[in-house]
Amino acid sequence: MDIERSSSDAARDSSQAGLETVERRRRLPGRPKSFVPAVCVLAATVLAVVVFSADSPWSFVQDAPPSDLTADQLLDGLLTAEFSKRSCRSRYEFASYHEKKKNTSHKPSPYLLGKLRRHEALQKRCGPGTAPYRAAVWQLKSGKGAAATDCRYLVSISYRGLGNRMLATASAFLYAVLTDRVLLVHQYKHDVSALFCEPFPGTTWLLPSGWSFPLGHLRDYGIGSKESLGNMLKANVISVGADGNASWSDGGDHRPPFVYLHLEGGYDFHDKLFYCGEHQRLLHGAPWLLMKTDSYLVPGLFLVPSFQDELGKMFPEKDMAFYHLGRYLFHPVNDVWRAVTSYYRTNLAGVGQRVGIQIRVFQKKPTPLQYILDQVLSCVRREKLLPEITSSSMINASDQVILVTSLSAWYYERIREEYGGGRITGGVHQPSHEGRQKWGDTSHDRRALSEMYLLSTCDMLVTTGFSTFGYVAQGLGGIRPWIMPSTPIWSEPDMAETKEVPEPPCVRAMSVEPCFHSPSYYDCTARRDVDVGKVVPYVRHCEDVSWGIKIANQSS
């Protein structure tokens, strides 16, 4: 799929040219007063260009908010009406592409809505450009650990593919809401602003870059960083008493200006103590936290005793956590959304049922794997998602359309041979085939984002296990997918090549929630490892990652 080139550069050039014209005219002597309205009109035009450029850094500046938005457009109050429609069309148009799946039982709770409105106010009061933010940055530069203001901050550092980064950002946002911290998202090559609109009205969620922020190279923080919670515990900068409470060893006189939370897949025992209540109480006083992860941490937060009551009120349907978080937080910029809606109208609209098939091959093989194609076809037939192909299929075409997303075109072509040619009314479609995943490539990420949203519009969804791309699509769409077990990336290549189709080829997910691949197994109260899939009835082991955990409906 072709993503239209961003208009932000052109908008900025146009804005600069217009401002220079105004400045030159201001210097000219002897202009009649009648010239003033022309200048005002030109300035207003320049301002409009800056405001309405979808990718402009000024995009949080808004024209008059709309007054005609419906409850559906606002996702039953999940979204605020404080943004203009033109600044981010996906925000209020998303619902119209998900009408068939509208389920009144999945409305956000009034308690969650109240938390979101209060958090928006916090972001606006303490965000970049405010006096509290400047004071907090000064405190960070000074090296002092005592807070200079009542505003506290969480910097989200996410990495790997787009699916990982979206799940990590959603996790950081929930943690920020739970702990009353301002969320600031660290950008890599401006990847966030090139993909998503601002989620909070009247402010920005982007961490200011360059000289204005004293900590650099945030992606270089890792398991060896001395500022990490785990390493400060090992070095006795933080001590844990006999009563289990954590405290600064020197009484807090020389506490560091920030704490780094190393929560990526390879973290160790001491880093995992982040999920203990006593360490959360200690972290509460830190003015700055840096959180680096590539994972969906939300199931782990549901296991922290001090968060459980609050999370229960925010999410009475616990297995709808990402469904609400993702729909609130992520809104594709106008160019990406235009690609989504254009492709949808051309290829997916007007049929009775949309079937999405997301294929992810983790092994770096030069040729496609036949068993994966066989697994896909076996799954859709066994679960009756697509019809059996018979001699009468051409006569009784199924009122369906198939959307295939894969880095390879080969799987799409084989599925099209099977179900194309009039066997289903809507045909078989693949928006793009990039060949390989390209980390750090914004144009690649824009195509990936558009395909996640296209998959979210489907009525039925088949996904590849272990894939965060599939997790995001199912969560945004509120779709309980059929998950195909996959061969992990660390498996031997020869094993993948000779592998047979598993039995069963796919299983129905217990919920729409993503899987947390690297939880802590340590029970902070019992002081020992436990089976974290059995601690509470609504956190269970994942279907696709046996050691991972996910949130499920208690009755599922």
Side-chain angles (χ1 to χ4, degrees), residues 1-15 50 52-60 87-91 94 128 155-170 172-173 183-199 204-210 213 216-220 292-294 326 329-343 358 360 405-408 430-456 467-473 476:
M1 183 195 313
D2 292 331
I3 302 292
E4 296 186 26
R5 187 178 67 87
S6 169
S7 62
S8 58
D9 292 340
R12 282 192 291 270
D13 294 343
S14 175
S15 302
V50 174
F52 297 127
S53 172
D55 300 336
S56 168
W58 298 86
S59 58
F60 60 84
S87 66
C88 182
R89 296 188 180 278
S90 64
R91 192 188 316 273
F94 174 88
V155 177
S156 173
I157 311 166
S158 60
Y159 67 108
R160 295 196 192 277
L162 180 59
N164 294 82
R165 303 201 307 272
M166 291 176 70
L167 295 177
T169 302
F173 172 62
L183 174 68
L184 296 173
V185 179
H186 171 250
Q187 290 201 97
Y188 179 69
K189 297 181 179 179
H190 302 286
D191 57 341
V192 180
S193 59
L195 297 170
F196 301 107
C197 304
E198 294 280 356
T204 181
W205 68 336
L206 301 177
L207 177 71
S209 58
F213 190 73
H217 306 287
L218 295 184
R219 281 200 169 194
D220 292 343
K292 184 179 180 183
T293 186
D294 58 347
L329 207 57
F330 302 118
H331 308 286
V333 295
N334 286 349
D335 287 350
V336 175
W337 186 246
R338 190 179 300 115
V340 172
T341 56
S342 175
Y343 194 88
Q358 182 255 337
R360 178 72 165 93
T405 65
S406 173
L407 293 172
S408 167
Q430 181 181 30
S432 70
H433 46 88
E434 296 278 286
R436 62 182 179 86
Q437 188 169 21
K438 304 171 185 176
W439 290 354
D441 185 323
T442 300
S443 62
H444 175 84
D445 284 343
R446 288 161 76 92
R447 282 187 281 274
L449 182 61
S450 68
E451 293 181 21
M452 289 178 188
Y453 274 81
L454 286 168
L455 283 174
S456 79
S467 171
T468 56
F469 186 106
Y471 293 163
V472 172
L476 291 172

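Quick caveat: nothing in here was measured; it's all calculated off a predicted structure. Side-chain atoms are counted along with the backbone in the values below, which use heavy atoms only and exclude waters and symmetry mates.
- Of all heavy-atom pairs between L329 and P199, the closest is O-CB, 3.6 Å.
- For the pair N334 (side chain) and R89 (backbone), a donor-acceptor distance under 3.5 Å is present.
- A perpendicular orientation is assigned to the rings of F196 and W205, their planes being inclined by more than 60° (bins at 30° and 60°).
- S342 places no side-chain N or O within 3.5 Å of a backbone atom of A339 that could act as its donor or acceptor partner.
- When all heavy atoms are compared, the tightest approach of L184 to L206 is CD2-O, 4.2 Å.
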Open item on the list: Run the side-chain contact (heavy atoms from CB on, under 4.5 Å) test on L162 and M452 for me, step by step, so that the C-alpha distance in whole Å, both residues' side-chain angles and the decisive distance to 0.1 Å come before the verdict.
Closed with: CA-CA 10 Å; L162 180 59; M452 289 178 188; 4.0 Å; yes
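- If you take CZ on F330 and CZ on F94, they are separated by 12.0 Å, rounding to the nearest 0.5 Å.
- One finds the CD1 atom of I157 at 12.5 Å from the CG atom of D294 (value rounded to the nearest 0.5 Å).
- The closest side-chain heavy-atom distance from S450 to Y343 is not below 4.5 Å.
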TODO: Report the C-alpha distance between E451 and F469 in whole Å, list the side-chain angles of each, state the deciding distance to 0.1 Å, and finish with yes or no for side-chain contact (heavy atoms from CB on, under 4.5 Å).
DONE: CA-CA 9 Å; E451 293 181 21; F469 186 106; 3.9 Å; yes
Open item on the list: Run L407 and H444 through side-chain contact (heavy atoms from CB on, under 4.5 Å) and show every step you take.
Closed with: CA-CA 11 Å; L407 293 172; H444 175 84; 4.1 Å; yes
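- The two residues A168 and S156 come nearest to each other via the heavy atoms O-OG, 4.4 Å.
- Closest approach of A194 and V333 over heavy atoms only: O-CG2, 3.5 Å.
- Between T293 atom OG1 and R160 atom CZ the span is 9.5 Å, to the nearest 0.5 Å.
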Task: Criterion side-chain contact (heavy atoms from CB on, under 4.5 Å) on L449 and M166, from CA distance to verdict - done: CA-CA 10 Å; L449 182 61; M166 291 176 70; 4.0 Å; yes
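- When all heavy atoms of A473 and S456 are compared, the pair lying nearest together is O-CB, 3.6 Å.
- Residues S408 and H433 approach most closely at C-CB, 3.9 Å, considering heavy atoms.
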TODO: Just do the side chain to side chain donor-acceptor pair (under 3.5 Å) check on S406 and Q430 with the steps written out, would you?
DONE: CA-CA 8 Å; S406 173; Q430 181 181 30; 4.7 Å; no
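- Neither side chain, Q358 nor T405, offers a donor N or O lying under 3.5 Å from an acceptor on the other.
- Under a cutoff of 6.0 Å and an axis angle of 45°, R219 and Y188 form a cation-pi pair.
- Atom CZ of residue R446 and atom OG of residue S432 lie 13.5 Å apart, to the nearest 0.5 angstrom.
- Note: Y471 OH to N164 CG = 10.0 Å, rounded to the nearest 0.5 Å.
- To the nearest 0.5 Å, atoms CG (L218) and OG (S209) are separated by 10.5 Å.
- Using modelled atom types, no side-chain atom of Q187 and backbone atom of L207 make a donor-acceptor pair closer than 3.5 Å.
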